[in-house]
Structure formats: C-alpha cells, structure tokens
Amino acid sequence: MAEKQNSLIKEIRRSDGATVVVLAGDVDLHHSPELHAELVELAGERPPRLLLDLAEVPYMDSSGVGTLVEVFRRVSSYKGKMVLFGLNDRVRSVFEITKLDRFFTICETEEQAAET
Amino acid sequence: MAEKQNSLIKEIRRSDGATVVVLAGDVDLHHSPELHAELVELAGERPPRLLLDLAEVPYMDSSGVGTLVEVFRRVSSYKGKMVLFGLNDRVRSVFEITKLDRFFTICETEEQAAET
Amino acid sequence: MSETSSVELNIASNAKSLPVVRGAVERMAAMEGFCEKDAHGLMLAIDEALANVIRHGYDGRPDQPIAIRLTTVTGPNERPGIAVEVRDKGRQVDPATIQGRDLDDVRAGGLGVHIIRTVMDEYDYSCPPAGGMLLRMVKYVGPGNAQG
Amino acid sequence: MSETSSVELNIASNAKSLPVVRGAVERMAAMEGFCEKDAHGLMLAIDEALANVIRHGYDGRPDQPIAIRLTTVTGPNERPGIAVEVRDKGRQVDPATIQGRDLDDVRAGGLGVHIIRTVMDEYDYSCPPAGGMLLRMVKYVGPGNAQG
Ligand SMILES: Nc1ncnc2c1ncn2[C@@H]1O[C@H](COP(=O)(O)OP(=O)(O)O)[C@@H](O)[C@H]1O
Ligand SMILES: Nc1ncnc2c1ncn2[C@@H]1O[C@H](COP(=O)(O)OP(=O)(O)O)[C@@H](O)[C@H]1O
C-alpha cells in the first residue's frame, strides 16, 4: 500500500518537547494512505507536541484533512497537542469548508506554532 | 482573429531610444496571432531598440518564437535592434532547440538589455 | 470566451490519475477567467467526486473507467462557467443517499460531498440507464460562489 | 511507479485546448519522475504535434476531434517513460513529407517537427486505415535526452 519512494515527509526534527514534520507535495488520495501510516507511527512516539509544516503543500483534499483528523485524535488521546502551520490559502480553505479549522490549532509561522 | 481582452502585453514603456514591452502569460498557438499583430504595430513605430521583457512568460512554443522571428526581421529591416531579456530556462531552451539563440540578442536583466 | 469548448478525459480509477485531471482543470479554469480561489474550488470538487468513484463506485479497484467532460458554459448574468460530467461504470446507488454528513464533531469521512455542495453552484447525481453513476456539476466565475 | 497507467484526452482542434493538455502532461510527467527539463520537453513536443494537427491536418478548423493518449512505459535500463499517441481525422499526408527544415537562416515556420525530433526519444508518423494521421512518440526520464 505505502510507496516508500513517494513519501510526502521531507524532514523530521525531534526535540524534547516537540516533533516538527515538514511535508512537501500534494496531499491527495494518492499520497494520504502512506502519510497516514507515517504520521500514526510518529504519533506512537507520543511527542508532547506534533507540529506539521505545510508550507510546501500546494494542495490538500478531504482524504488529506481526514488523515490529519485521525492523527489529531491519536495525539489528543494521550493529551498531546497538534499544530499546523504555513498553510497556503488553498489548503486553509479546505479546513474552512469542512469546518475543521475549529478543531485544529492553525498558525502562520513555525515561531507562532512553537509558542502555542 | 485578435482577442483584445486576452492580450499578453502587460505594459509598454516608450522612451526616446527604446520601447520596452512586458509580456505576461504563455506564448502559444492560442495567443501568438494577437501578439504578432500587436508587436508588428509597435515595430511600425520604428523604435531604434525594441526590448521584450519575458520574465513573466512561463512557456513559449514554436508559434511564439516564430512570432518573435518575424518581428525581428521587421526591426532589422529598418536597422533597429531587438533584445529579449528575463527568459526562464524553459523559454530559453526553445530558442536553443530551434537554434534561434544565434540570431537574437538575449540578456538576463533589463539593465544588461539596455546596455547592448 | 465566446465559443463553447469542451475537453474529455478518460482515466482509470487509480488515484495516480487525480493530479493529471487537476492539472487539466486548473488550466481550463484559468483560461475561462476563474480567479485562483474559484479555480481551486472547481479542482477540489472534481477531485472529491473522482475519489468517491474510486472508493465507493469501484471499491478501490484501480483499473476501471471514469470519464470526465469539461465544457465551458454561460450562466446567469452572462457569467462564464465550467460544466463538469463525471461518469463511471461502477455500483449504482440511490442519489438521495449521496449526502455529506453534519460537521459537528472532528472525524474523518463524509467530507467529500459536503465540499462538492459548498464549492459548486449546481450538482446533481443520477443513475443513467446504461449503468454506473453520472454526476453533473457547474461552477460559474465571480460572485455567488461564496463558501458557506 | 510500477503499474502502467494511462490517460486519454479528447479535445477539439482549438488552440484553447492546448493549455489544458499541457496542464495534464505536466502533472503526469512529474508523477513519473521526469525532471523539470524533461517534463518541459515532453509538454512542448505534444504541444507542437497538436498545433500541427490544428494547422495542417484540419487547416485551422477549430471543431474537429483530436485524441491524445498518454501511457506510462518502461524503457531501456528500466527507465520510466511516457508514450504518447496523437490521432486525428484530418488530411492524410505521406509521413516522409513531415520533416523539419534546416535551421540555417532566421525565419518562422518549419520548427515544430524539429522540436519533436529533438526532445523525444522516439517518434513515428503513420496513416491508419481508418483515416487521419497517427503520431506515436516516447520520452524516457534521465540521460539520453540530451538536446542535440
Ligand atoms: N460515486 C459514488 N458512488 C457510490 N456512492 C457514493 C459515490 N459518491 C459518494 N457516495 C456515497 O456518499 C457517501 C458520502 O460521501 P463523502 O461525503 O465523500 O464521504 P466519504 O466518502 O468519506 O464517506 C459515501 O459514504 C458513499 O456512500
Ligand atoms: N499533423 C499533420 N498533418 C499534416 N501535415 C503535417 C502535420 N504535421 C506536420 N505536417 C507537415 O510537416 C511540415 C513541417 O511541420 P513543422 O516543422 O511543424 O513546421 P510548420 O508547421 O511551421 O510548417 C508542415 O509544414 C506540414 O506540411
């Protein structure tokens, strides 16, 4: 199912309190299953804070926001925090249309995300 | 033939010695006929130097380079000079593949183009 | 744009086809004068419709046919628009059952039809006699496309 | 990419269709791992082929059919590539007469076939019995695509 050579995860930076995951590419039905598996694995490490850098994600569809919702639920279950930052207007609008912007913490920059 | 609302010409700056034409958009079979008519009209003003800014042209096909060739021949006929600048790698490669880079003066920036 | 123009794409029910369709839709929307936001909405709605055909109509089988037709149209107040037809040969379901869910809680699933309803000006599912499902949708440029 | 995938576009012989095809080709090339330069070459060659069908095959009539099929292939040394078929119902000409010209002087015209020959790894025109022209081309990723 997962195609390793096609991962959207460009970089992972782990520190004591947080894991920052940098994504690059379109998060659509083609890539969501693998991204789901990878983020679930990262959530399994139970970082207190999981920050997702979406600045290099040009496009996301409902399978993408659905993937992030499921990861969010896992992170919430151990009382962790999940923050998204760097969303372009298109990606942000998908969260708005699906009314999921109410649930996620969405920041402009990594600095702001680090301070939440 | 020409669809005025669709012109690729974004800006025209006339000075004593030169006319600078800023193009924006793909120069393909759809847009070349109108661009041809517009540039022929500008060449009819016999500017000593005709400078074309292609920095906002993401794509050009053979109808586009063909159009520029015809304008070049008109400008040359009255001993004028025609200079292209700001070409991205894609557009430049079309001139290379068609071996027309030998005939045109191609510069990086407007400053360089102004000094030719 | 005065003349009507039309493009048909025939793809396999493979998620790899989705970016290719998006690329075509994005360019057509730009040609028709859609702003960036409306172009994205159109692209997203078509993407969600295709994802549903792949997942529900064909239960994930990747080699089944899907036909997408994009046609330029002129709507109310002479506004240009793009009409979309998505045809499959998959499972037929009662169009009335194809509905988005309420979005009160945070969970995945049930978002696609809500997105289609929100971003498109018109949409209509039907079961053609020849089999499969047919989805027709239209989006016009400019005002009236407010999300919400 | 292991599985073969294939997309068919049916367009009218209208120059307005060209950006739509370019958008689809660009995305497919990116999915197959083409670098920016190779993706541009593929897009350009298809664009030139379609422009020729519009201008020569159909003498500029804007409402005639053109079918483009894009198929992922595996070439020499396991290199992935994209095979393209362009079919029209226009005037048939002897494939031997479809040739680029020498590029010694600066003039417009006669550049399209030269571009196709330069950027594609393979190309072949034929006259199918059913009428019209058929152009088959292939481009592979990576080395061997040097412009020459
Ligand atoms: N093309 C289709 N063929 C069959 N059923 C469909 C199709 N599209 C949507 N549906 C039905 O409509 C429901 C809602 O779709 P959607 O809002 O996209 O949510 P999800 O796909 O996540 O369930 C689906 O669960 C499915 O039952
Ligand atoms: N699809 C086609 N149908 C018929 N003739 C064609 C086709 N494509 C190319 N040709 C012929 O090949 C010649 C060379 O084409 P090309 O190199 O693109 O230059 P140009 O189109 O500028 O003449 C054309 O002049 C035409 O006679």
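Computation of the quantities below employed the complete heavy-atom set of this structure, encompassing side-chain atoms and omitting hydrogens, waters and symmetry-equivalent molecules. In the text below, chain A, chain B and the rest are named by the order of the sequence lines, each starting its count at 1. Note that this is a predicted model, so its numbers are computed, not measured.
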| Can you check whether B:I97 reaches D:L44 side chain to side chain, under 4.5 Å on heavy atoms? |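 With C-beta onward as the side chain, the pair touches.
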| Contact class of B:R90 relative to chain D, heavy atoms under 4.5 angstrom |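 Both backbone and side chain.
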| D:H40 side chain to B:Y59 backbone, donor-acceptor under 3.5 Å |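 Judged by distance alone, no pair lies under 3.5 Å.
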| field | Main-chain N/O of B:D61 paired with D:E48 side-chain donor or acceptor, under 3.5 Å | value |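 A pair under 3.5 Å: no.
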| query | Checking heavy atoms, do the side chain of D:I54, its backbone, both or neither come under 4.5 Å from chain B? | reply |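 Only the side chain of D:I54 comes within 4.5 Å of chain B.
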| task | Determine whether more than 12 heavy atoms belonging to other residues, nucleotides or ligands lie under 6.0 Å from atom CZ of D:R117. | result |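 Atom CZ in D:R117 is crowded, with more than 12 foreign heavy atoms closer than 6.0 Å.
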| Within a reach of under 6.0 Å around CD of D:E78, are more than 12 heavy atoms found that belong to other residues, nucleotides or ligands? |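 Check fails, neighbour count at 12 or below.
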| request: Look at D:K37 together with B:E96 and state whether they make a salt bridge at an N to O cut-off of under 4.0 Å. | output: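 Salt bridge absent between D:K37 and B:E96.
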| So how far is it from D:N52 CG to B:S62 OG, rounded to the nearest 0.5 Å? |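 Reported to 0.5 Å precision, the distance equals 7.0 Å.
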| query | Does the side-chain contact (heavy atoms from CB on, under 4.5 Å) test come out yes or no for D:E36 and B:D89, once each step is laid out? | reply | CA-CA 10 Å; D:E36 152 85 11; B:D89 288 348; over 6 Å; no
| task | Determine the sole option in D:L18, D:D47, D:N14 for which the side-chain contact (heavy atoms from CB on, under 4.5 Å) test with B:L29 is passed. | result |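 Single pass found, and it is D:L18.
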| task | For the pair D:T118 and B:T98, evaluate side-chain contact (heavy atoms from CB on, under 4.5 Å) and give the outcome as yes or no after the intermediate values. | result | CA-CA 9 Å; D:T118 306; B:T98 56; over 6 Å; no
